[in-house]
Amino acid sequence: MKLKKLKSELTEILNLEGVDAIFVISEKGEVLIDLSTPKNKDLNPIPLLSIVKALDNMKEAELIFESKRLWIKNIENNYLVLIANPHTSMAALRLRCDALFST
Amino acid sequence: MKHRILIVDDDQDLLLILKESLESYNNSYEVLISGSVQNALIKLQSESVSLLISDLRMPGIDGFTLLTYVNQNYPDLPVIIMTGYPYKDVDRMSYEKGAIGFISKPFKIQELEALIRKTLQKQTEGGTLHDISIPLFLQMIEMEQKTATVRVLNRATEKRGVLFFKNGELLDARLDNTSGLTAAREIISWDDVSISIENSCNLNQRNIQVSLNALILEAMRVKDERPKSQQTTGTETPNLRVTPDKTNKVLTSVQAKLKNAFLGRWIPNASYVDNSWGKMIKSIQEISSSLNFGDLKALYLERKRGLPLAIVPDEEIVVLELDSTCSRDKLLRVLSL
């Protein structure tokens with residue numbers, strides 16, 4: 001899928017309740033897509049790659065912090081990082097993203 | 001299960017006091033005493049010992065020599081040094097030579113007992129398993145690329161063997177006075193065992209060169225050739241539940257949360273304490289602090305190899321091995337409460 005179309009689809013997901021930001025980061029640390037809600041516009045995606053690196057050999061991870069929830073998925077050589085409210089129900093969001101990347 | 005502790009000191013009065021005090025303080029301790037290093041070496045060859053406590057200054061062979069010998073020949077056996085040696089840095093030297101604990105004379109029996117308890121707890125930090133098939137368990141260690149010292153108790157014969165794993169590779173084994181392939185083959189052929197897991201391994205050198213699968217096949221052959229009268233039954237059903245060390249409150253608390261939330265309808269494949277995840281958790285915490293995300297409450301992790309895991313960082317790190325029937329959202333909600 002072309003980057004522009006992917007960005008548009010991910011923007012729709014960003015508008016769902018509880019989602020704060022979505023990033024697509026390459027293994028080399030290049031931020032390919034940077035989407036965040038106005039409240040979270042200061043979120044820096046670069047440190048997120050360090051979390052990905054810490055999760056050695058990761059295919060998929062979900063981290064629950066006190067104030068945020070992170071879902072990370074390895075898609076080919078890139079990482080999709082979705083940041084949400086810690087109480088957001090993620091099953092539907094994951095399904096939607098999975099469908100998006102399987103096309 | 002009794003923990004056998006060997007105490008070596010040339011002061012006979014002190015040995016008798018320590019034996020009597022420790023055995024009456026904790027009835028799970030069986031204390032063996034030895035007035036010299038030479039005598040201790042004979043005891044080590046004939047008795048299965050969980051912990052060695054040694055003085056430093058003794059006539060003939062000293063405690064440092066014993067410490068070095070034990071590290072080379074019994075790498076799974078922890079050593080505590082107790083001494084009234086007046087020189088500075090003697091504690092540092094003891095640790096450098098491989099002691100895991102140090103206590104200066106004079107000491108209170110409670111202090112020594114606390115040190116013993118802490119040391120013995122480490123031997124079961126990864127949990128204790130009962131009624132498990134050893135081959136299945138070892139394949140799991142290999143698949144998970146775990147580093148561990150695995151102590152196996154043959155409940156029928158009371159024999160104790162040790163297997164040393166680094167990153168899932170079986171490096172060595174020890175059983176009585178044998179080591180390497182011979183010891184590993186015998187241990188793996190046992191039925192009716194209890195296994196305790198220490199999440200570290202002091203060995204680096206590989207002494208077993210055959211693959212684990214080949215070794216398991218060989219052990220099964222040894223088992224089949226054993227006279228029927230020596231075989232025990234009743235352990236054919238693999239049971240991967242890890243029973244918590246009774247003193248491990250963190251693991252017990254996580255298991256209780258799961259039981260309440262899932263009402264027994266779902267349980268993880270295994271649950272255990274594995275503090276080797278500490279480094280990774282610390283890195284994540286440092287990064288998340290800079291992002292103001294707060295503390296990490298729970299983590300779901302699916303890697304390129306192995307089962308998906310849920311990891312709960314607390315005073316100790318609890319790891320749950322998951323299956324596909326688990327509701328991830330519910331599990332993470334429960335674990336992060």
Side-chain angles (χ1 to χ4, degrees), chain A residues 17-18 20-21 23 25 27 29 31 34 36 39-77 79-98, chain B residues 143-147 167-168 254 257 261 274 276-314 317-320 322-337:
Chain A
E17 198 181 337
D20 291 339
F23 303 105
I25 308 170
E27 265 187 346
V31 182
D34 179 345
S36 51
K39 259 173 129 180
N40 295 280
K41 63 181 170 45
D42 294 332
L43 255 175
N44 181 0
I46 299 301
L48 299 173
L49 191 72
S50 306
I51 293 187
V52 172
K53 298 277 180 206
L55 297 164
D56 192 30
N57 271 325
M58 179 225 44
K59 256 170 71 183
E60 186 176 343
E62 201 162 335
L63 301 90
I64 316 294
F65 295 97
E66 274 173 324
S67 65
K68 295 283 179 205
R69 183 179 192 120
L70 239 73
W71 176 53
I72 306 171
K73 183 149 187 171
N74 183 341
I75 299 158
E76 293 173 2
N77 293 325
Y79 294 98
L80 170 73
V81 183
L82 189 148
I83 303 175
N85 176 297
H87 308 296
T88 307
S89 171
M90 292 295 292
L93 286 173
R94 284 196 305 264
L95 193 67
R96 195 150 169 188
C97 289
D98 284 343
Chain B
M143 191 175 75
E144 290 290 318
Q145 299 182 308
K146 277 188 82 80
T147 294
N167 301 320
V254 169
K257 270 187 190 178
D274 184 352
S276 65
W277 292 91
K279 200 175 159 192
M280 184 195 82
I281 300 286
K282 195 174 167 220
S283 304
I284 293 172
Q285 290 279 26
E286 281 169 5
I287 303 158
S288 67
S289 301
S290 72
L291 291 162
N292 292 323
F293 286 178
D295 285 344
L296 179 67
K297 303 286 220 178
L299 160 66
Y300 168 89
L301 180 61
E302 207 176 314
R303 286 179 299 170
K304 287 174 185 160
R305 290 182 64 186
L307 294 167
L309 305 172
I311 300 171
V312 190
D314 204 311
I317 299 167
V318 173
V319 178
L320 311 174
L322 310 177
D323 57 29
S324 57
T325 63
C326 163
S327 159
R328 194 203 299 182
D329 275 7
K330 183 172 178 181
L331 176 69
L332 289 175
R333 192 169 58 245
V334 170
L335 295 178
S336 59
L337 285 176

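Per chain, numbering begins at 1; letters A, B, ... match sequence-line order.
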Query raised in the report: B:Asn167: what forms a side-chain hydrogen bond (donor to acceptor under 3.5 Å, both in side chains) with it, not counting sequence neighbours?
Result: B:Thr147
Report task. Under 4.5 Å, heavy atom to heavy atom: which of residues 328-337 of chain B reach chain A? Give them by number, or say none. Result -> B:Arg328, B:Asp329, B:Leu332, B:Ser336
Requested in this report: Give the member of B:Asp295, B:Ile287, B:Ile281 that has the highest number of heavy-atom pairs under 4.5 Å with chain A.
Outcome: B:Asp295
Query - Nearest heavy-atom neighbours spanning A:Phe65 and A:Pro86 - result: O-CB, 3.9 Å
Query raised in the report: Does A:Ile25 reach the side chain of A:Val52, with side-chain heavy atoms less than 4.5 Å apart?
Result: no
Requested in this report: Give the member of B:Met280, B:Lys279, B:Gln285 that has the highest number of heavy-atom pairs under 4.5 Å with chain A.
Outcome: B:Met280
Query - Region of A:Ile72 that comes under 4.5 Å of a non-hydrogen atom in chain B - result: neither
**Report entry** Audit row: B:Glu302, A:Lys73, salt bridge (Lys or Arg N to Asp or Glu O under 4.0 Å) steps and yes/no
**Finding:** CA-CA 9 Å; B:Glu302 207 176 314; A:Lys73 183 149 187 171; over 6 Å; no
Query raised in the report: Pick from A:Met90, A:His87, A:Arg69: which one has the most heavy-atom pairs with chain B under 4.5 Å?
Result: A:Met90
Query - Heavy-atom closest pair, residues A:Ala61 and B:Leu301 - result: CB-CD1, 4.1 Å
Query - Residue pair A:Ile46 / A:Phe23, side-chain heavy-atom distance below 4.5 Å - result: no
Report task. Check side-chain hydrogen bond (donor to acceptor under 3.5 Å, both in side chains) between B:Asp274 and all other residues, then give those that pass, not counting sequence neighbours. Result -> B:Lys146, B:Ser276, B:Trp277
**Report entry** Contacts of B:Lys297 that satisfy side-chain hydrogen bond (donor to acceptor under 3.5 Å, both in side chains) - sequence neighbours left out
**Finding:** none
